[in-house]
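Here the structure comes first, spelled out in structure tokens, and everything after it is commentary.
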Amino acid sequence: MAKTSPSSESIKAFRGSFLDCVADPFYVSQAESIRFIPDGLLVLKDGKVEAFGDFSTISGKYSGVPITDYSGFLITPGFIDTHIHYPQTEMIAAYGEQLLDWLNKYTFPTERQFQDKSYAQRIASFFLDELVKNGTTTALVFAAVFPESVDAFFEEAERRNLRMIAGKVMMNRNAPEYLLDTAKSSYEDSKRLIKKWHKKGRLLYAVTPRFAITSTDEQLQLAGKLLQEFPDVYMHTHLSENKDEVAFVKKLFPDSQDYLAVYEKAGLAGSRSIFAHGIYLSDSEFERLSKANCACAFCPTSNLFLGSGLFNLAKAKSTTTPVKVGLGTDVGGGTSFSLLQTANEAYKVAQLQRQKLSSFKALFLATLGGAKALSLEDKIGNFDVGKEADFVVLNPLATPLLKLRNKELSPAKSTLEQVSDQLFALFILGDSQVVHATHVMGTLAYTKNG
Ligand code: GUN
Ligand code: ZN
């Protein structure tokens, strides 16, 4: 390792093949949206990108800086999961039900355990290990109704220096008594948690009404009041996931023109609002989501597992009513922590609707698109100078099958078409097995060989 001067002690660098997005490939050409540097150097200072480019061009300027050599690996920005429930980790793969019965039979009894802080701490720790092992460095997370479950989660995330967004679930009806708060207590508890955690280090808070079915209008109004009082916190909920759910919402809110209107009336649809699913949205709802600059979390493994339906990605990414979209694993309705596997199922959901999801579009959804959905594109999502250096080191040859499918590329000669094809195979065939290492603000957070 080369010598470093004292002033460059916080500087380090990584060499390898880098791939990231600089624009949205759904709207501009591949050439304009994808940045591929076959033999690149990423230079970090205090965990942020200081310089990024061809190794041959910039390495001379950083000759004293220690370099970690990831040649032969493909380095992408850390994956961003825009919808997941940490208390549902242990109930992943629960058999046989669709949404409303699944909630009653499996989800609510599981979430009950999170009133116990030490239990919540143990699962939060397991959950975050699982995320990082899968290359996910940022997530928008449902905790449980108990404020302790939020404290437990943020404490664990803080220890790992992860950029995480989470919130206490607000739910005051249509669930077992043991899981209910009240409109007033949910407002007060959420407010206290916002003051305690929002913008503490890399942590951010999301006001989190579970969905329209489990909140009274009064509770939704108070959620809206929190957003007014704290304009830069997030709003995170479910929307239009399942046909029975949509029918129930219609019954509970007969004066609302549709599902989205229930949230709009409470002031819950804005540019920091993320709605999970959005499968049964009308044209009018798409228009209003687009106008208000809201985001949808596309959760294909969950939508297939719970038999919910097919998200219309082409409609969400249309030029007429564009809506911000990120990928969500939605564990435990979803069946994998891996955003690679989530992209695999997203590809199939697109296929079933005669839509195509290219590997670069999938990469966008999992990185810069997710960052945009979370209004975090100034901080994460690609390797632009100044951004926080969360990244994943992928091994395109991690398994015997991948070795056969993805022939070894020579870094100097590999083309964009070749890397697109290799990445596609990584999405379709890969999971945590292909994650060689994950770095958080430059620091090694996970390595397969560790
Ligand atoms: N709608 C309300 N709660 C939930 C949940 O926990 N998971 C999913 N997938 N949908 C929901
Ligand atoms: Zn969910």
Side-chain angles (χ1 to χ4, degrees), residues 81-94 96-114 123 127 139-146 149 153 165-176 179-181 186 206-216 219-220 223 234-249 252 259-260 262-263 268 273-281 295-311 326-337 339 342 345 349 373:
D81 188 337
T82 60
H83 179 67
I84 186 165
H85 302 249
Y86 100 80
Q88 296 176 16
T89 302
E90 67 202 272
M91 52 152 290
I92 193 167
E97 305 298 343
Q98 296 215 346
L99 179 63
L100 300 179
D101 292 334
W102 173 85
L103 285 171
N104 285 315
K105 186 169 172 181
Y106 299 112
T107 314
F108 293 153
T110 304
E111 291 192 7
R112 182 180 199 172
Q113 304 170 96
F114 287 75
I123 301 293
F127 171 89
L140 173 59
V141 180
F142 263 66
V145 70
F146 311 106
S149 71
F153 178 78
I165 314 174
K168 182 201 111 67
V169 176
M170 303 168 79
M171 51 191 295
N172 68 345
R173 65 167 166 173
N174 291 318
L179 221 52
L180 296 182
D181 53 19
S186 71
V207 171
T208 309
R210 179 166 217 121
F211 62 161
I213 288 175
T214 46
S215 287
T216 58
Q219 184 168 58
L220 296 176
Y234 293 87
M235 201 293 299
H236 183 200
T237 190
H238 298 91
L239 170 68
S240 213
E241 173 180 6
N242 164 290
K243 282 185 180 169
D244 293 343
E245 171 209 15
V246 175
F248 196 5
V249 170
L252 290 170
Y259 197 157
L260 180 60
V262 175
Y263 295 136
L268 300 181
S273 301
I274 296 92
F275 296 100
H277 310 300
I279 292 171
Y280 298 103
L281 298 172
C296 281
F298 174 20
C299 308
T301 75
S302 168
N303 298 159
L304 296 173
F305 180 72
L306 293 175
S308 302
L310 306 176
F311 179 69
L327 287 178
T329 60
D330 194 26
V331 166
T335 53
S336 171
F337 281 89
L339 280 169
T342 305
E345 299 304 309
V349 166

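As a basis for the values below, the full set of heavy atoms in this structure was taken, side chains included, without hydrogen atoms, waters or symmetry mates. Whatever order the structure lists them in is the order used to number ligands and atoms, beginning at 1.
Below 4.0 Å from some heavy atom of His85 lie the following atoms of ligand 1, by number and element: 5 (C), 6 (O), 7 (N). Applying the 4.0 Å criterion to heavy atoms of Asp330 picks out, from ligand 1, the atoms 8 (C), 9 (N). In the vicinity of His277, heavy-atom distances shorter than 4.0 Å reach the ligand 1 atoms 9 (N). Heavy-atom contacts of Gln88 reach the following atoms of ligand 1: 5 (C), 6 (O) (cutoff under 4.0 Å). Atoms of ligand 1 found under 4.0 Å from any heavy atom of Glu241, numbered from 1 in the order shown, are 1 (N), 8 (C), 9 (N), 10 (N), 11 (C).
At a 3.5 angstrom cut-off on N or O pairs, Glu111 does not count as close to ligand 1. Of the N or O atoms in Trp102, none lie within a sub-3.5 Å distance of an N or O in ligand 1. Here's the thing with Arg210: one of its N/O atoms is less than 3.5 angstrom from an N/O atom of ligand 1.
Counting only N and O atoms by type, the side chains of Asp181 and Gln219 include a donor and acceptor under 3.5 Å apart.
Looking at every heavy atom in both residues, Leu220 comes nearest to Ser215 through CD2-CB, 3.6 Å.
Heavy atoms of Glu245 stay at 4.0 angstrom or farther from ligand 1.
Applying the side chain to side chain donor-acceptor pair (under 3.5 Å) rule to Glu111 yields the partners Gln88, Arg210; only residues at least two apart in sequence or on another chain are considered.
When non-hydrogen atoms are compared, ligand 1 lies under 4.0 Å from neither the backbone nor the side chain of Ile213.
Any protein N/O/S atom under 2.8 Å from the Zn ion (ligand 2) was counted, giving 4 altogether.
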